[in-house]
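Quick note: numbers below take in every heavy atom, side chains included, and nothing from hydrogens, waters or symmetry partners. Order of the sequence lines fixes the chain letters, A, B, ..., with proteins taken first and strands second; residue numbering starts at 1 for each chain. All values reported here derive from a predicted model rather than from experimental measurement.
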Number of protein chains: 2
Amino acid sequence: MPKQPEPEQPGGAAPQAAALRLGVDRTSPVPLYFQLSQQLEAAIEQGRLAPGSLLGNEIELAARLGLSRPTVRQAIQSLVDKGLLVRRRGVGTQVLHSKVRRPLELSSLYDDLEAAGQRPTTRVLRNTVEPATARIAAALGVAEGADVRLVERLRYAHDEPMARLRNHLPVELLDCDTAQLESTGLYRMMRAVGITLHSARQSVGARAADAEEARLLGEAPGAPLLAMERTTFDDTGRAVEFGDHIYRASRYAFEFQLLVRP
Amino acid sequence: MPKQPEPEQPGGAAPQAAALRLGVDRTSPVPLYFQLSQQLEAAIEQGRLAPGSLLGNEIELAARLGLSRPTVRQAIQSLVDKGLLVRRRGVGTQVLHSKVRRPLELSSLYDDLEAAGQRPTTRVLRNTVEPATARIAAALGVAEGADVRLVERLRYAHDEPMARLRNHLPVELLDCDTAQLESTGLYRMMRAVGITLHSARQSVGARAADAEEARLLGEAPGAPLLAMERTTFDDTGRAVEFGDHIYRASRYAFEFQLLVRP
DNA sequence: GTCAAGCGTTTGTCCTGACATTTAGACCTG
DNA sequence: CAGGTCTAAATGTCAGGACAAACGCTTGAC
């Protein structure tokens, strides 16, 4: 059956966006492109825009919504950057099949666990100020021997130890209240005092647990541990934190999604 | 010293871009915004644009280059997305201090090692077609028991074993030449046949080596290993590969940089 | 029958213009 | 001298138009 009039639904990749209830509120302070991208993202998330279906051409979509093409393009582009859509010249914009979750965020373990419904709790083992070792000084960009705050915590999920977190941060950055450290995550505290996190350099490896680490985490000595080191930078390029963390490999693995840089 | 005429260099964040030799070639098929972003990136990389310095306002920059503001903005935006620049409304566009390398790519171990000058080599242990287990079938989205190609390789750097790589891929996707597998990476072979890699879902954990794994990698049984599972998708959302890899933790760690989603 | 050329469709790139919003600093006032 | 207020400057948002390039499909020629 080669050629039919094809009223709609050509094969399996039909433009379904026409059936979508889209519209923007021009009185809202929310940017128009953002309103649109959120509506499209919600439609994809809920399956109202089927994977593989075409979005319909930008010009017509813009006309239908009473927007200009650049605005519509900006909305679409943001979803392309998130990995939800794929554009192909001469073809159209297509909803991607795969279940994209997150393109890897700079998330804290606290947020990760909370999002997974794991009821994270924290025990602060140490909260002191110590002179920086060469390793820490290099990571934070301070002088060796300079005062650096050391926060050492045990993180639990469902009252089961998951990780030992050691964070080193410049003393002047944050006054770490121990009680606050137990009730929330470190990154949240930073954001709360106006620090804009920007990027992080991470290293993920594995090693065997020594006697004390094994005791803390409830593992046998020599048990494999996931080890992560992370230096976090704010949007001025300043290192705001150096973390040295170990996780029980029997209980935890890093999961993330990543996109190919186009 | 509150107020000085300040002819230039206000503090430590002066607009230095004025001294830059920028210019675009309108006869080139390379997009103008891309030419500009490459020149800016090179200038940042080489330190000709000092970290912390301002880029100067977009309007003037556009006028100086004979470009429109949207074009200049597009160039700047691509560098913001790469994490090299930070824009702040009312302030300007600033070069970031930190040494951003890569925002985490979907890289193969082969490319990683080659980029590090490690002379990677490969030994193919197995290159067969087998029925898919439940785990593999679920990852690839094929029926359980369906034919799936299994490629098992040992990866060396400087003639030292680094990792055992097990890849499972749909048979129809690629005819895997063993000789080719030894001389290059799997991802390169995929790209060569027109597969556009799009995203991957990864899980990184740790576990102890069993007897055979230890023998292959030259480690002691029970030694900690880095374990990674990865499902790779192309731009149609189709799963093109499921990998199940182990790395010697004594020799290898994952390093990457990641950006905060704004 | 097969392959190549042509055509319409769709996104990619680029331009010009306008107004809104935010920030930092200067200014003025109490 | 401290405080808020106003202003200039910069990026953020949005519109509307034009042409170029690539893709898929149809048509045509051999």
- prompt: Tell me: CZ of A:Arg89 to P of D:dC23, nearest whole Å?
  reply: 8 Å

message: Go nucleotide by nucleotide along DNA chain D from the 5' end; which of B:Glu58 and A:Gly90 gets its closest nucleotide reached first?
response: B:Glu58

message: Whole angstroms only, please: what is the CD-C1' distance between A:Gln94 and D:dC23?
response: 13 Å

- prompt: Taking only side-chain nitrogens and oxygens of A:Arg73, does any of them come within less than 4.0 Å of OP1 or OP2 of C:dG12?
  reply: yes

message: Please determine whether a side-chain nitrogen or oxygen atom of A:Arg26 lies at a distance below 4.0 Å from atom OP1 or OP2 of D:dA15.
response: yes

Spacing of B:Asn57 atom CG relative to C:dA24 atom C1', expressed in whole Å: 15 Å

A:Thr178 side chain to A:Asn127 side chain, donor-acceptor N/O pair below 3.5 angstrom: yes

message: Donor-acceptor check, side chain of B:Gln202 to backbone of B:Glu229, threshold 3.5 angstrom: yes or no?
response: no

message: Using ring centroids (six-membered ring only for Trp), state whether B:Phe242 and B:His168 fall under 6.0 Å.
response: yes

- prompt: Between the side-chain atoms of A:Arg69 and the base atoms of C:dG12, is any donor-acceptor pair under 3.5 Å?
  reply: yes

- prompt: Hey, which of these two, B:Arg88 or B:Leu67, hits DNA chain C nearer its 5' end, going by closest nucleotide?
  reply: B:Leu67

query: For B:Arg87 and D:dT13, what is the distance between atoms CZ and C1' respectively, to the nearest whole Å?
result: 12 Å

- prompt: Hey, does B:Pro31 reach any base, or is it just sugar-phosphate, or nothing, if we go heavy atoms under 4.0 Å?
  reply: sugar-phosphate

query: Counting just side-chain N and O atoms, does B:Tyr33 come under 4.0 Å of either OP1 or OP2 of C:dT13?
result: yes

query: Rounded to whole angstrom units, what separation is found between the CD atom of A:Gln74 and the P atom of D:dC14?
result: 7 Å

task: Figure out the CD1/C1' separation between B:Ile76 and D:dA10, and round it to whole Å.
output: 11 Å

query: Given that A:Pro29 and B:Thr71 both sit by DNA chain C, which one's nearest nucleotide is further toward the 5' end?
result: B:Thr71

Between C1' of D:dT11 and CG of B:Leu61, the distance in whole Å: 13 Å

query: Can you check the A:Gln77 CD to C:dC14 P distance for me, whole Å?
result: 14 Å

- request: Test A:Leu96 against every option in A:Val86, A:Leu79, A:Val80 by the side chain to side chain contact (heavy atoms under 4.5 Å, CB included) rule and name the one that passes.
  value: A:Val86

task: Starting at CZ of B:Phe34, measure out to CD of B:Gln39 and round the result to the nearest 0.5 Å.
output: 11.5 Å

